[in-house]
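Only one structure is covered here, and it is reproduced in the block below.
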Amino acid sequence: MNVLSVPIKPKEILLSEKNRLSAEEQNCTTPHLFSYPAQSNFSGTKYPLSWIQDIKSGHLCPIKIPGKWFVLLDAASYVSSSPLDLGVHQADFIPISFYKIFGFPTGLGALLVNNRIAPLLKKTYFGGGTAAAYLAGEDFYFPRKSIAERFEDGTVSFLDIIALKHGFDVLEKLTGGMEKIKQHTFALARYTYNVLCTLKYANGAPVVRIYSDTDFSNPDVQGPIINFNILDENGEVIGFSQVDKMASLYNIHVRTGCFCNTGACQMHLGISNEDIQRNLQAGHVCGDDIDLVDGRPTGSVRISFGYMSSFEDAQTFLKFIIATRLSKSDTKIPFQSSVTMLTTESVPDDHPSFSSADKLSPIPHISDRELWNNSSMTMTSGSWQPPKAEAESIRAAVCGKPITVTNIYLYPIKSCSAFEVTEWPVGNQGLLYDRNWMIVNENGVCITQKQEPRLCLINPSIDLKKKIMVIQAEGMDPVSVSLEENTGKEAVICESKVCSHRVKTYDCGERIAGWFSMFLARPCRLIRQSSDMKNMSHQKNTKGMLSFLTIFVIPQLEEPLETEELIRRFRANIVISAPESFEEEEWAEISIGALRLQVVGPCSRCQIICINQQSGERNKEFMQSLSVARGRKTNFGIYLMNQPLHSSLPDILSVGSQVLPVFWKQCGWDGSSGRAA
């Protein structure tokens with residue numbers, strides 16, 4: 001519409017008295033709209049409701065331009081916990097969210113329009129129910145009189161709308177009104193804020209950095225929202241995705257990222273416009289798990305209190321912070337290197353090997369959404385961008401003790417138990433048959449150990465000679481599935497979502513579905529990814545993805561785990577012996593026999609490592625130990641991308657093969673140690 005739009009900072013409003021218009025300029029009828037939030041959804045800062053009248057009266061003037069000002073007050077965050085009297089604060093337009101007030105119905109909101117302003121609103125489109133009369137053959141349309149009827153195109157969510165009356169009634173009955181909710185939620189936020197401010201490491205460094213414009217002393221200027229990042233002892237930010245994963249172990253739900261509020265995020269985190277553009281180039285997009293780029297945060301963590309929140313909830317959250325940051329972080333806990341493990345996974349455990357790798361381009365950063373919905377190995381950013389090609393990488397000769405493959409595992413069914421082999425084919429999509437199958441619920445959604453830990457008790461094995469997969473579980477008769485795809489008329493072809501893409505899958509039939517449903521005591525089915533990728537344009541020119549990681553002993557656990565248990569929990573594909581833990585983080589690529597594997601980035605672990613793979617029981621201490629040991633991240637291992645040769649025949653990966661790494665930087669030699677530096 002060629003309308004000028006100007007962003008205004010809060011402090012500029014307070015200085016806008018200098019822009020006051022003359023009486024003649026105020027008589028101009030050209031309409032202008034000033035929009036602002038009653039409460040920031042980022043920090044909880046409440047902006048003065050007095051601005052409404054000051055703007056409309058001309059006392060405050062955002063831009064010195066003749067005309068009549070109208071005000072849109074975004075009250076979605078504000079009215080979730082504070083009363084708003086429109087008789088006093090007469091904004092012209094007020095968008096609100098019923099979902100934010102009640103927590104139900106999802107996505108239902110409203111735009112309140114002052115009846116005096118309604119005639120100014122013009123429509124360029126009309127849909128069902130909004131016309132008093134119209135002609136199909138001529139450009140004739142006459143709108144309904146009511147402003148609501150005129151703008152509510154199509155059928156509104158009337159079944160959800162019915163619930164609102166009950167919501168308001170119950171809210172009043174339970175709480176006594178919005179003013180009491182305001183005082184209650186602010187008291188919880190203030191208590192939590194004050195305790196967070198006092199938390200210090202042994203060296204005096206703060207545990208959290210809070211992003212706020214107030215000191216939480218007045219509920220009229222601060223809502224029940226606390227926005228922060230957790231710091232380590234050195235003052236470095238711990239990525240929000242890691243905090244989110246740890247919080248989930250304590251049954252705490254937090255919001256992370258920038259909360260659809262880029263302006264506040266930039267202001268509080270010191271992110272420039274150029275930073276936003278650079279982060280995008282680095283692979284970071286809104287809503288992903290890339291929480292640090294070059295060591296700087298791309299977002300933060302937010303907690304907010306509602307009418308149902310209690311003092312016990314606040315204490316539970318504070319205990320979570322103290323337990324994960326202060327109980328063990330005052331002293332460095334050494335990790336003793338025991339066995340270094342290389343895992344080549346066609347896909348990390350909670351990602352689709354449905355050859356998840358096939359859906360990925362060889363880029364340095366891969367978001368959790370580009371893999372399967374299990375973030376047991378999500379991609380993050382940070383130092384993992386390959387350096388600019390200064391020179392050809394030099395293939396490192398391994399001096400001293402060689403790095404060799406000691407074990408090979410594959411996981412035919414996603415999130416189920418491992419199948420150990422001594423040698424196995426590796427093709428374009430990674431290890432043959434690795435994560436080719438997955439279990440889905442009755443809605444076709446993949447089930448992983450996050451939702452169903454007992455999946456680890458299901459033991460699939462592959463018999464290449466008989467061309468079958470045998471599935472076993474305690475208390476169940478074994479069942480077998482053919483390795484040959486059933487492409488006949490009786491095959492049930494369906495589509496499933498993998499990495500936000502739709503992929504063709506085959507249902508393995510009622511007999512197999514009944515077996516899994518009986519064992520898991522819930523309706524579910526086994527499906528297999530089709531090898532027919534010809535019609536999937538998003539998979540062209542992609543290569544199989546594998547992953548590598550290093551396993552070590554974690555001595556601070558109350559009951560130290562054996563190496564075999566560590567291997568089971570991290571669900572490695574290839575176990576290797578190596579002189580040093582974490583040395584793979586310096587590698588750019590590796591060679592194992594004829595296989596050449598490119599490093600794509602780090603694996604960030606999720607709560608699946610907390611599940612005992614022999615019993616299905618959870619132990620949240622395991623992830624806490626990893627988080628403490630690795631500092632600010634729960635990174636453990638790296639992703640590899642298979643670089644297959646032109647031959648159509650698969651390469652064979654064998655136990656005993658030597659692993660040759662190539663380092664990111666051009667190698668130099670330390671003559672005294674005889675090792676590559």
Side-chain angles (χ1 to χ4, degrees), residues 103 192 196 207-208 225-230 237-259 287-292 297-306 308-310 312-329 348-351 367-369 371-380 414-415 441 445-456 557 569-571 602-613 616-636:
T192 306
L196 286 175
V207 174
V208 299
I225 294 173
I226 304 175
N227 198 305
F228 63 96
N229 267 318
I230 294 181
V237 172
I238 295 172
F240 59 74
S241 65
Q242 305 307 316
V243 178
D244 187 22
K245 291 172 187 176
M246 292 299 298
S248 67
L249 295 177
Y250 287 77
N251 294 323
I252 297 172
H253 178 69
V254 296
R255 283 288 305 275
T256 59
C258 273
F259 321 102
D288 66 14
D289 281 343
I290 299 180
D291 47 21
L292 297 172
T298 61
S300 56
V301 182
R302 187 188 75 187
I303 61 171
S304 51
F305 296 97
M308 76 299 293
S309 301
S310 66
E312 289 74 22
D313 293 333
Q315 285 191 315
T316 298
F317 169 74
L318 292 168
K319 287 176 182 177
F320 152 67
I321 298 293
I322 292 170
T324 55
R325 298 313 308 165
L326 296 180
S327 60
K328 297 174 182 175
S329 59
D349 196 48
D350 260 350
H351 301 303
S367 73
D368 206 21
R369 296 168 194 240
L371 298 174
W372 284 59
N373 286 336
N374 167 7
S375 56
S376 68
M377 289 180 155
T378 56
M379 294 300 303
T380 57
K414 178 174 155 55
S415 260
N441 64 18
V445 178
C446 177
I447 303 173
T448 72
Q449 286 187 32
K450 286 183 179 179
Q451 303 87 33
E452 186 56 76
R454 295 183 72 244
L455 285 176
C456 68
L557 290 173
R569 290 200 183 214
F570 282 96
R571 301 177 64 79
C603 303
S604 180
R605 311 312 305 228
C606 78
Q607 62 263 37
I608 283 187
I609 64 173
C610 297
I611 298 173
N612 184 316
Q613 294 296 302
E617 297 176 349
R618 297 180 190 268
N619 176 10
K620 62 190 176 188
E621 187 190 27
F622 195 88
M623 176 166 273
Q624 289 178 220
S625 301
L626 177 62
S627 179
V628 170
R630 301 255 43 204
R632 294 179 292 139
K633 304 288 286 185
T634 54
N635 285 353
F636 188 46

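Since the model is a prediction, treat every value here as computed from it, not as a measurement. Side chains are part of it too, since the values below use all heavy atoms of this structure and drop only hydrogens, waters and symmetry mates.
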- Task: Would you please name every residue forming a side-chain contact (heavy atoms from CB on, under 4.5 Å) with Ser309, sequence neighbours left out?
- Result: Leu188, Phe305, Asp313

Note, [X] side chain near [Y] side chain (heavy atom, < 4.5 Å):
| X | Y | answer |
| --- | --- | --- |
| Phe317 | Leu196 | yes |
| Ile230 | Ile321 | yes |
| Leu326 | Val207 | yes |
| Phe320 | Met246 | yes |
| Arg571 | Ile608 | yes |
| Thr192 | Leu318 | yes |

Does [X] reach the main-chain N or O of [Y] with its side chain, forming a donor-acceptor pair under 3.5 Å?
| X | Y | value |
| --- | --- | --- |
| Glu617 | Asn612 | no |
| Asp289 | Ser241 | no |
| Arg569 | Ile609 | yes |
| Thr298 | Ile290 | yes |
| Ser300 | Asn229 | no |

Any idea which heavy atoms bring [X] and [Y] closest together, and the distance?
| X | Y | answer |
| --- | --- | --- |
| Thr256 | Phe240 | CB-CD1, 3.5 Å |
| Gly616 | Pro453 | O-CB, 3.3 Å |
| Cys446 | Gln451 | O-OE1, 4.0 Å |
| Lys450 | Arg618 | O-NH2, 2.8 Å |

- Between CD1 on residue Ile611 and CD on residue Glu452, distance to nearest 0.5 Å: 9.5 Å

- Item | Spatial distance of atom CG (Asn441) from atom CD1 (Ile447) [nearest 0.5 Å] | 5.0 Å

- disulfide (SG to SG under 2.5 Å) filter on Cys610, not counting sequence neighbours, yields none

